[in-house]
Amino acid sequence: MEQMFDKFFDSVANLFGGGDSIPWCDRDVIHGCEKEVAEANKGDSDELKSESIMRLSWALVHSKKPEDVQRGIAMLEASLANTGSPLHQREKLYLLAVGYYRTAEYSNSRHLVEQCLEIAPDWRQALALKKTVEDRIAKDGLIGIGITASAVGLIAAGIVAALVRR
């Protein structure tokens, strides 16, 4: 019986906690990536510049700060048009999907991760993100239904109380 209660409370905590498995990135890592991009821009290697910008983009979309995530999304969107190989396109689409997930734009995130899966259907990371996004969409829907049901219940209780007073 106690296990049932523990399982129930864990599921309720996960419902409201969000509990995704997408890693976070702290400010120190972002700062290091910014230094790396600045150094790469001083050199002649376009490949080095591109790689350092990808690392910075990764760090930004995995940040806990919304302004960093927005900056990462903007960088990725700007560079997506100049992407040559399908592998680089897949990675940029995935990072954009992570960024949109972090900004709670779940439909954009799902659309981008589906584009990733068109390029690489068996990519586990993208499959895991798709499941995370879909779970979040379902949770948000349940919470919305719960709020609506509560509001309707309160209104109905108020009407009943007003009728009883008369």
Side-chain angles (χ1 to χ4, degrees), residues 6-7 9-144 146-147:
D6 289 343
K7 195 173 187 178
F9 288 119
D10 285 344
S11 67
V12 170
N14 284 337
L15 178 66
F16 292 106
D20 63 58
S21 60
I22 300 170
W24 293 100
C25 187
D26 63 14
R27 190 70 198 137
D28 294 339
V29 174
I30 293 169
H31 185 66
C33 290
E34 289 171 333
K35 281 184 176 180
E36 185 181 326
V37 168
E39 288 296 318
N41 282 333
K42 292 177 185 175
D44 294 332
S45 172
D46 287 338
E47 186 176 334
L48 184 60
K49 289 176 191 176
S50 177
E51 287 176 9
S52 61
I53 288 171
M54 278 299 291
R55 281 191 286 279
L56 177 58
S57 298
W58 183 95
L60 289 169
V61 298
H62 286 85
S63 174
K64 290 185 178 186
K65 294 187 174 187
E67 59 272 12
D68 288 341
V69 176
Q70 288 297 332
R71 200 169 121 216
I73 288 171
M75 287 174 64
L76 288 162
E77 286 177 338
S79 70
L80 194 58
N82 328 350
T83 305
S85 79
L87 176 65
H88 287 135
Q89 183 179 13
R90 175 193 81 164
E91 290 176 3
K92 288 178 182 180
L93 289 169
Y94 175 80
L95 290 175
L96 272 170
V98 169
Y100 281 120
Y101 176 80
R102 292 282 189 224
T103 59
E105 294 182 45
Y106 303 122
S107 61
N108 286 343
S109 181
R110 181 172 47 192
H111 176 70
L112 289 164
V113 82
E114 285 171 352
Q115 286 182 337
C116 272
L117 291 169
E118 287 175 12
I119 296 168
D122 297 329
W123 192 24
R124 289 184 188 163
Q125 214 173 347
L127 290 167
L129 179 59
K130 183 178 180 185
K131 182 177 179 348
T132 301
V133 170
E134 288 175 347
D135 289 349
R136 189 60 193 204
I137 290 169
K139 286 178 187 178
D140 283 359
L142 286 175
I143 291 170
I147 291 170

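Every heavy atom of this structure was used, including side-chain atoms; hydrogens, water molecules and symmetry mates were not.
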Looking only at non-hydrogen atoms, find the nearest pair between [X] and [Y] and report the distance.
| X | Y | result |
| --- | --- | --- |
| Pro86 | Ile119 | O-CG2, 3.9 Å |
| Ser52 | Val37 | O-CG2, 3.4 Å |
| Cys116 | Ala126 | CB-CB, 4.2 Å |
| Ala97 | Ser109 | O-OG, 2.7 Å |
| Val61 | Val98 | O-CG1, 3.9 Å |

Given side chains that start at C-beta, do those of [X] and [Y] come closer than 4.5 Å, heavy atoms only?
| X | Y | value |
| --- | --- | --- |
| Gln115 | Leu112 | yes |
| Met75 | Leu60 | yes |
| Ile30 | Leu56 | yes |
| Lys131 | Asp135 | yes |
| Leu95 | His62 | yes |
| Tyr106 | Tyr100 | no |
| Ser63 | Trp58 | no |
| Arg102 | Trp24 | yes |

Could you grab the distance from atom [atom1] of [X] to atom [atom2] of [Y], nearest 0.5 Å is fine?
| X | Y | atom1 | atom2 | result |
| --- | --- | --- | --- | --- |
| Asn82 | His88 | CG | NE2 | 12.5 Å |
| Glu105 | His111 | CD | NE2 | 13.0 Å |
| Leu76 | Glu91 | CG | CD | 10.5 Å |
| Leu129 | Arg110 | CG | CZ | 12.0 Å |
| Ile22 | Tyr101 | CD1 | OH | 5.0 Å |

Are any of the side-chain nitrogens in [X] or [Y] under 4.0 Å away from the carboxylate oxygens of its partner?
| X | Y | value |
| --- | --- | --- |
| Glu34 | Arg27 | yes |
| Asp26 | Lys64 | no |
| Lys139 | Glu134 | no |

Between the main-chain N or O of Ala128 and the side-chain N or O of Thr132, is there a donor-acceptor pair closer than 3.5 Å?
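At least one qualifying donor-acceptor pair exists.
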Once salt bridge (charged side-chain N to carboxylate O under 4.0 Å, His left out) is applied, what residue pairs with a partner in residues 50-60 remain, sequence neighbours excluded?
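Output for this query lists Glu36-Arg55.
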Is the CD atom of Glu67 crowded by more than 12 outside heavy atoms at less than 6.0 Å?
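More than 12 heavy atoms, drawn from other residues, nucleotides or ligands, come within 6.0 Å of this atom.
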Yes or no on side chain to side chain contact (heavy atoms under 4.5 Å, CB included) for Gln70 and Thr103, after CA distance, side-chain angles and deciding distance?
CA-CA 8 Å; Gln70 288 297 332; Thr103 59; 3.2 Å; yes
With side chain to side chain contact (heavy atoms under 4.5 Å, CB included) as the criterion, how do Leu96 and Glu77 come out once you've worked through the C-alpha distance, each side chain's angles and the decisive distance to 0.1 Å?
CA-CA 8 Å; Leu96 272 170; Glu77 286 177 338; 3.6 Å; yes
